[in-house]
Each structure stands twice: as structure tokens, then as C-alpha cells.
K.L.:
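Can you keep this structure in mind? I'll have questions shortly.
Every heavy atom of this structure was used, including side-chain atoms; hydrogens, water molecules and symmetry mates were not. Labels below follow one simple rule: chain letters A, B, ... track the order of the sequence lines, proteins then strands, and each chain is numbered from 1. Keep in mind the model is a prediction, meaning the values are calculated, not measured.
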Protein chains: 2
Amino acid sequence: MQDILFDFISKYVSLTEEEKNALLSLDLFHSAKKGTILLKEGQKSQENYFVLKGCIRVYYIVDGEEKTTAFYTEMEGVTPHCAINETYSEYYVSCIEDSILLVSNSDMGVEMNSKFPKFEIMCRMLSEELLAKKIIDFDEFKISSPEQRYLNLLQKRPDLIQRIPQYQLASYLGIKPQSLSRLKARILEKSTE
Amino acid sequence: MQDILFDFISKYVSLTEEEKNALLSLDLFHSAKKGTILLKEGQKSQENYFVLKGCIRVYYIVDGEEKTTAFYTEMEGVTPHCAINETYSEYYVSCIEDSILLVSNSDMGVEMNSKFPKFEIMCRMLSEELLAKKIIDFDEFKISSPEQRYLNLLQKRPDLIQRIPQYQLASYLGIKPQSLSRLKARILEKSTE
DNA sequence: AGTATTTCTTAACTTAAGTGAACGAGTTAA
DNA sequence: TTAACTCGTTCACTTAAGTTAAGAAATACT
């Protein structure tokens, strides 16, 4: 599992043994069972989660209804908003599969960044890359209909459609579960007629 | 105008005179008339735009129709995707008001980052902050109806509704201009009944 | 295995957004 | 000043999503 992490990091910077050891000494690796809630609405938390294996999701509860806004799978991570600006969380974060996570907090980040300038560089590269991706995703979402979004997801992340409950996928696509069912039936109809 | 820039930067890092001069020597300040197209679909460009005054927008043209996905006003900026991964741009960027912009390219970024570690730190802070904001904006977009999005915008960015043509606002809200008109009439009806 | 619970789908109906067209106000250009 | 355009709004109609409810299918529990 450590190798997977170091492989990932090596795409951005190359670490010395000392730096690798510093990273390992932070005791970041944790496993979490499916269903584990990592963060609840109204909680304060400093923790960041990076998925080495498995899948976590972010969801809001609005008028008693879950609204899923994001999934994070292998080599993706979340820094909850409440960990940045020290407020109470507006959303939940939970594991939807048995997962292996890197759990860190901002103190560790600050420490690593000040000890090793390389981490600073890696963090900049990573967040710039993620920002660019998010903007593209948001743009695509805005310029597409729910049906196009579904077809798009089918192309780009077919795994998500397989591994994730449909009712969670629905709000991820900005619609209700019933509409997702209908939409899929409509697509099937089109393709067979 | 320079002071506005330095004030903004001072929220993240404090610059020495040397650093300020290095920044000024890059000749970043440019003015652009309303209607200027900074980037076209299919073009390659290395330029980043940061708005000191005015407003720029990002839009796609899909089936001959403009789809506006973002506005950037004072103290906000764009790094077009094509400038990052050196591909052809999928969208347009244009000034919708007479504007004063900082125009930079990635070479300048690399140079400043390597000369002054402070810039590296500022860039990390900035992109982390922007990423967090984008995620929140995207979440809100997903969990809201077009009407809620409009009311939300009215609260958070009333200036945008004033200064921006309605047909551009509409696609920014994920709908057609006719639907925006209807939606506004609906809201007005509700509030007066 | 059998029961309980959750999730997915279908259906009928309501509401809102998409579409195509028309009109008026405001702007620009000849 | 008139003619051409652009933009915002309204209307009638179509299409798709929201809502409520019911039942089937899958999953979890004992």
C-alpha cells in the first residue's frame, strides 16, 4: 500500500528516503469498513481523507433527503471545507466500500510543507490540477442535460455506475432516483427501436 | 492599480521591495475593451488572466449556441485549461466590460516560483482556496433547482445580475433565457400575491 | 431459509424547463 | 429618420423532471 502512495507522489516530485520515512512516521494509513461515517453535518474536524482503495462519498441532507455531490475513489481525496475554515461541516462523508485511507490533518500538512519544500510544490501542483479538473467537470455539468450527463459518466467512469447505488448516482447527476430510472429506460428504448 | 494587486497579495504573503519589483518588471498590466475576445475555441494559448477591474466570461459554443459557464470579476482570475495541458481550447474567453487585467503566462509563473519560494506558497494557498470555493459552488449547483440558484445568486452576487446580460446569466444558471424570464415572473408573482 | 429492509423500477399525475415564434424596447448603422 | 439587430419578455406547445404511491428485486439480518 505504501508503494502505491509513493508511486502516486513520484508523478509530482521525487522523494528521498528521509522524506519517505518522515511521511511514513505520520501513521497515515487507516482502514475503514463500508458504511463508516467519517464526518457528520454539524461536526468540526481537521481530517483530510485520501483514498488508496475503496470509495467515499460526500452528501448533504436537505429536507430529510440525501443529496450526494461527490465520490472519491482510488488516488482521489477530500479536504472537507470545515477543516479549512474551521466551521461546522455542512455535509457528511462516508465510506461506501471497505476502504484503505490516508487520514491526515492540516498540522501534518503545515509541518511537512515547512520541513520539505517539495511537499509545498507537490501540494501546489495537486491543487492546481484538481482545480482545473473541477472547473471542467462543472462546465460539463452546466452545459449538459441529465441524460447527457449520464451518458458522459457512462463513457468516463463506467466503474462508478457499477459500484455505486443508483439513488446516490441520481443526485450526483442532479436528479431524483425515479428520473434516473426513467432516463435509463428511455435510452434503452432509443437504442433498440 | 499596482496597490490593488499588492493589497491582494498581502493577504497571502508579504513581499519585499525586491519581490514587488520583480513582479512589476514582468509587465503584467493590460487594459482590454468591452467585447475583446481573449481566447477562442480551437486556439492554443499560454496566457492567464486575472481581473483587476471589469469582468470576463468563459463560454462554449454548442450547436451554435453560447453556453456561459463562468464570470470572473475583480480579484478573480482564469487559467484556461489549454494553457495547462497545451491543447486547443474548447471555449472562448471574452471581456464583457472595459477591463484592466493581469496577463501572465506559465513561464512567468515557473520563473517566479523558482526565484521566490513565497510565490510557490501563495500559489498553493490560492489554488487550495479556489478549489474549496469551486467545490462548494458545484455542490450548491447540484443540490438546487434553477429557481433556487437564481435566488441564491441574488443573495450572493447581486452585482452579477445587474451587470450581466440575461441570456448569459441564463446558461450560467443552467437554463435557457426564456426559462429565466419565466422564472423571474414566477418569483415576482409569488411575492406579490 | 425466511423475514425485514433497502433499493430499484414503473405508473399516473403535476410542475417546470425546452422549443419555436412573435412582439416591443433599445441600440446601431445606413 | 428609417431600417436592421439585439435583447428581453411572453405565449402556446412539447418534453422531461418532480411527486406520490405501489410493487418487484436485491440485500441484510436472525
Side-chain angles (χ1 to χ4, degrees), chain A residues 33-37 55 57 59-68 71 92 94-98 141-154 160-193, chain B residues 33-35 37 55 57 59-68 71 94 96-98 141-154 160-190 192-193:
Chain A
K33 286 262 165 222
K34 174 176 178 175
T36 306
I37 294 183
C55 182
R57 88 173 156 126
Y59 61 101
Y60 295 71
I61 294 188
V62 185
D63 301 330
E65 257 187 9
E66 285 183 11
K67 305 260 190 179
T68 300
F71 301 104
Y92 295 77
S94 83
C95 286
I96 62 172
E97 294 173 1
D98 292 348
F141 193 93
K142 270 186 188 167
I143 67 180
S144 309
S145 65
E147 185 171 326
Q148 288 169 321
R149 283 175 215 149
Y150 176 78
L151 291 170
N152 195 21
L153 195 66
L154 207 54
L160 284 187
I161 293 177
Q162 293 308 314
R163 71 205 277 194
I164 287 167
Q166 300 301 296
Y167 77 98
Q168 292 173 13
L169 261 187
S171 50
Y172 182 69
L173 294 170
I175 56 177
K176 302 278 149 131
Q178 298 92 316
S179 297
L180 178 55
S181 277
R182 181 167 38 197
L183 180 158
K184 287 193 288 184
R186 200 165 60 219
I187 290 170
L188 209 66
E189 210 175 69
K190 279 182 199 166
S191 69
T192 56
E193 81 189 2
Chain B
K33 286 265 164 221
K34 174 177 177 174
I37 294 184
C55 182
R57 89 173 154 124
Y59 61 100
Y60 294 70
I61 295 188
V62 185
D63 300 331
E65 258 187 9
E66 285 184 12
K67 305 259 189 179
T68 300
F71 301 105
S94 83
I96 61 172
E97 295 173 1
D98 290 349
F141 193 93
K142 271 186 187 167
I143 67 180
S144 309
S145 66
E147 185 171 326
Q148 288 170 323
R149 282 175 215 150
Y150 177 77
L151 292 170
N152 195 21
L153 195 66
L154 208 54
L160 284 187
I161 293 177
Q162 293 308 314
R163 71 204 277 194
I164 288 169
Q166 300 300 296
Y167 77 97
Q168 292 175 13
L169 262 187
S171 50
Y172 182 69
L173 294 170
I175 56 177
K176 302 278 149 133
Q178 297 94 317
S179 298
L180 178 55
S181 278
R182 181 167 39 196
L183 178 159
K184 287 194 286 185
R186 201 165 59 220
I187 291 171
L188 209 66
E189 211 175 68
K190 280 182 198 166
T192 55
E193 79 189 4

K.L.:
Using a strict threshold of under 4.0 Å (side-chain N to carboxylate O), is an ion pair present between B:Lys33 and B:Glu97?
P.N.:
no

K.L.:
Send over the distance from A:Ile175 CD1 to C:dA16 C1', rounded to a whole Å.
P.N.:
15 Å

K.L.:
Using atom NZ of B:Lys176 as one end and atom C1' of C:dT19 as the other, report the distance to the nearest whole Å.
P.N.:
8 Å

K.L.:
Measure CZ/A:Arg186 against P/C:dG18 and give the value in whole Å, please.
P.N.:
13 Å

K.L.:
Would you call B:Lys176-B:Glu65 a salt bridge at under 4.0 Å N-O?
P.N.:
yes

K.L.:
Rounding to an integer number of Å, can you tell me how far B:Gln178 CD sits from D:dT15 P?
P.N.:
17 Å

K.L.:
Measure CD/A:Glu189 against C1'/C:dT9 and give the value in whole Å, please.
P.N.:
14 Å

K.L.:
Can you see if the side chain of A:Ser179 gets near the phosphate of D:dG18 - specifically, an N or O under 4.0 Å from OP1 or OP2?
P.N.:
yes

K.L.:
Any N or O donor-acceptor pair linking the side chain of B:Arg182 to the base of C:dG18 at under 3.5 Å?
P.N.:
yes

K.L.:
Please name all residues satisfying salt bridge (charged side-chain N to carboxylate O under 4.0 Å, His left out) with A:Arg182, sequence neighbours left out, ordered by chain then number.
P.N.:
none

K.L.:
Given atom NZ of A:Lys34 and atom C1' of C:dT7, what is their separation to the nearest angstrom?
P.N.:
12 Å

K.L.:
Return the value, rounded to whole Å, for the distance between atom CG of B:Leu183 and atom C1' of D:dG8.
P.N.:
14 Å

K.L.:
Could you check how far OH of B:Tyr167 sits from P of D:dC7, rounded to whole Å?
P.N.:
4 Å

K.L.:
Could you tell me if A:Ser144 and A:Arg149 have a donor-acceptor pair between their side chains, going purely by distance under 3.5 Å?
P.N.:
no

